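Report on the following structure.
The sequence lines fix the lettering, A, B, ..., with proteins before strands; numbering per chain opens at 1. The model shown is predicted, which means the values in this text are computed figures rather than measured ones.
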2 protein chains.
Amino acid sequence: MNNNLLLEKQLCFRLYSLNKLMCRLYAPVLKDLALTYPQYLVMMVLWQYKAGISVKDLGAKLDLDSGTLSPLLKRMEKQTLIKRERDTKDERVVLIKLTQKGIELQQSAEHIPAKMFAVTGLSPEKLQALNLTLDQLIDNLGD
Amino acid sequence: MNNNLLLEKQLCFRLYSLNKLMCRLYAPVLKDLALTYPQYLVMMVLWQYKAGISVKDLGAKLDLDSGTLSPLLKRMEKQTLIKRERDTKDERVVLIKLTQKGIELQQSAEHIPAKMFAVTGLSPEKLQALNLTLDQLIDNLGD
DNA sequence: CATAATTAGATTGTACGCAATACAATTGCA
DNA sequence: TGCAATTGTATTGCGTACAATCTAATTATG
């Protein structure tokens, strides 16, 4: 009997498990900022693009489509973290911009990366090596 | 300005992206078996435990709670892939067992691991090294 | 042996993730 | 210019994830 179908052998299951573990580890930290994990990812993009970014470009960065982003962004708008404005140059485009509250939240998030790095228990070198391997894999999987 | 909050620097975002990429790559392959990705994970456990397994033990293997598993298993029961029976020794326990259809589906899945391995573009050695690193990380994150 | 504590599942409510579809704005081209 | 194709976003529907809560069954303890 072929045993290649064992759960423990699958790379995909490791990635599935790790993603869930990460979400759970971030959850209590992000709760202080009243953010969910995907909302935190959105905020990281917006902190980088303070002039604003279209839903489309945001989706390209996060690899998420409008079916996910539209309701997610509406919830964030309701929390007054972001504003949504039609682009006057192209009315199809919705530009996402941080509110003052959204901008200020960055300070409260500055400590998170170091904190989460510590949780991984990896040395800086191991982390970098892992990141490189994962980037290569993302590339191979034809992102 | 601290730039540790860049999306591209985050290990968590790589894992988040890879998990989604994996799901998308499996989706068309699993569509032939009429399985979703989490259902495929459940089937792998059941193919290993043909005598049956409790919902609790299944949840421990997959790291999923009853809030996720109960409806998921009901959908699988509706597809007649599995049966759900109360354990006569302990009426609180629900035992999950494959139907004949569920058992036979394994043959149709045997080709999937090799196929997906090919997609990764990794050598067997690189894959094994990556799996080891990820297992260590899973361990560190306190699975 | 009665009752409190524990355990196994189910249910409810919220939030993704994504396919499929719809629609309005823009662009391309005859 | 007129109209088809394309583009950007929104909506709908389904399937996870998971916290919180509930119920029934079992176990522990005085």
Side-chain angles (χ1 to χ4, degrees), chain A residues 12-13 15-28 30-31 34-43 52-60 62-79 81-82 84-96, chain B residues 12-13 15-28 30-31 34-43 52-60 62-79 81-82 84-96:
Chain A
C12 70
F13 181 60
L15 294 170
Y16 169 83
S17 298
L18 272 170
N19 181 52
K20 283 196 303 174
L21 283 173
M22 279 291 182
C23 288
R24 284 183 212 152
L25 287 169
Y26 273 86
L30 294 176
K31 191 165 191 178
L35 291 177
T36 66
Y37 186 72
Q39 287 169 8
Y40 174 61
L41 299 179
V42 167
M43 290 303 286
I53 185 171
S54 70
V55 172
K56 176 190 163 69
D57 290 346
L58 185 57
L62 298 169
D63 195 13
L64 288 173
D65 73 0
S66 66
T68 303
L69 278 178
S70 285
L72 192 159
L73 292 171
K74 282 188 178 175
R75 283 187 288 270
M76 293 178 74
E77 187 180 37
K78 202 173 288 178
Q79 295 177 253
L81 288 171
I82 61 168
R84 302 186 316 132
E85 304 168 356
R86 289 278 163 186
D87 187 338
T88 52
K89 295 185 212 305
D90 183 340
E91 290 285 346
R92 292 171 305 179
V93 174
V94 171
L95 290 174
I96 306 298
Chain B
C12 70
F13 181 60
L15 295 170
Y16 170 82
S17 298
L18 273 170
N19 181 51
K20 284 194 302 173
L21 283 173
M22 279 291 182
C23 288
R24 285 182 210 152
L25 288 169
Y26 273 86
L30 294 177
K31 192 166 190 179
L35 291 176
T36 66
Y37 186 73
Q39 286 169 9
Y40 174 61
L41 299 179
V42 167
M43 290 303 287
I53 186 172
S54 70
V55 172
K56 176 190 163 69
D57 290 346
L58 185 57
L62 298 169
D63 194 14
L64 288 173
D65 73 2
S66 67
T68 303
L69 278 178
S70 285
L72 192 159
L73 292 171
K74 282 188 178 174
R75 283 187 287 271
M76 294 179 74
E77 187 181 36
K78 202 172 290 178
Q79 297 178 251
L81 289 171
I82 62 168
R84 302 186 317 131
E85 304 167 357
R86 288 278 162 188
D87 187 338
T88 52
K89 294 185 212 307
D90 184 340
E91 291 285 348
R92 291 171 305 179
V93 174
V94 171
L95 290 174
I96 305 298

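Within the 4.0 angstrom heavy-atom criterion, base atoms lie near B:T68. The residue A:L64 sits close only to the backbone: its heavy atoms come under 4.0 Å of sugar-phosphate atoms, none of a base. Backbone-only contact: A:T36 has heavy atoms under 4.0 Å from sugar-phosphate atoms and none from a base. Within 4.0 Å of B:D65, counting heavy atoms only, lies at least one base atom of the nucleic acid.
Following rounding to the nearest Å, B:R75 (CZ) and D:dC14 (C1') show an atom-to-atom distance of 8 Å. Taking atom CG on B:D90 and atom P on D:dA25, their separation rounds to 10 Å, with Å as the unit. Rounded to an integer number of Å, the gap from NZ of B:K56 to P of D:dT26 is 16 Å. Regarding A:D87, its CG atom lies at a distance of 14 Å from the C1' atom of D:dT7, rounded to whole Å. Rounded to an integer number of Å, the gap from A:Y16 OH to D:dT16 P is 9 Å. Atom CG in B:L30 sits about 14 Å away from atom C1' in D:dG15, given to the nearest Å.
Listed for the A:Q39 side chain is no donor-acceptor partner under 3.5 Å among the backbone atoms of A:L30. Judged purely by atom type and a 3.5 angstrom limit, B:R86 uses its side chain to pair as donor or acceptor with the backbone of B:R92. Judged purely by atom type and a 3.5 angstrom limit, A:S66 has no side-chain atom pairing as donor or acceptor with the backbone of A:L69.
A:S66 has no side-chain polar atom (N or O) that falls below the 4.0 Å cut-off from OP1 or OP2 of D:dT11. The side chain of A:K31 contributes no N or O atom lying less than 4.0 Å from OP1 or OP2 of D:dA19. For B:R86, no side-chain nitrogen or oxygen approaches OP1 or OP2 of D:dT26 to under 4.0 Å.
Here the shortest heavy-atom pairing between B:Y37 and A:F13 reads OH-N, 4.3 Å.
Comment: B:D63 engages A:R24 in a salt bridge, judged by a side-chain N to carboxylate O separation of less than 4.0 angstrom. A salt bridge links B:E77 and B:R84; the closest N-O separation between the charged side-chain nitrogens and carboxylate oxygens is under 4.0 Å. Residues A:K89 and A:D87 are not paired through a salt bridge, judged by the lack of any N-O separation under 4.0 Å between the basic side chain and the carboxylate.
Taking every side-chain heavy atom of A:K20 into account, D:dC18 is the closest of D:dT16, D:dA10, D:dC18.
Taking a heavy-atom distance under 4.0 Å as the criterion, the stretch of DNA chain C touched by chain A extends 5' to 3' from C:dA15 to C:dT26.
Side-chain N/O atoms of A:R92 and base N/O atoms of D:dT9 include no donor-acceptor pair closer than 3.5 Å.
A residue-by-residue look at A:P38 and B:G67 shows that B:G67 has its nearest nucleotide of DNA chain C further toward the 5' end.
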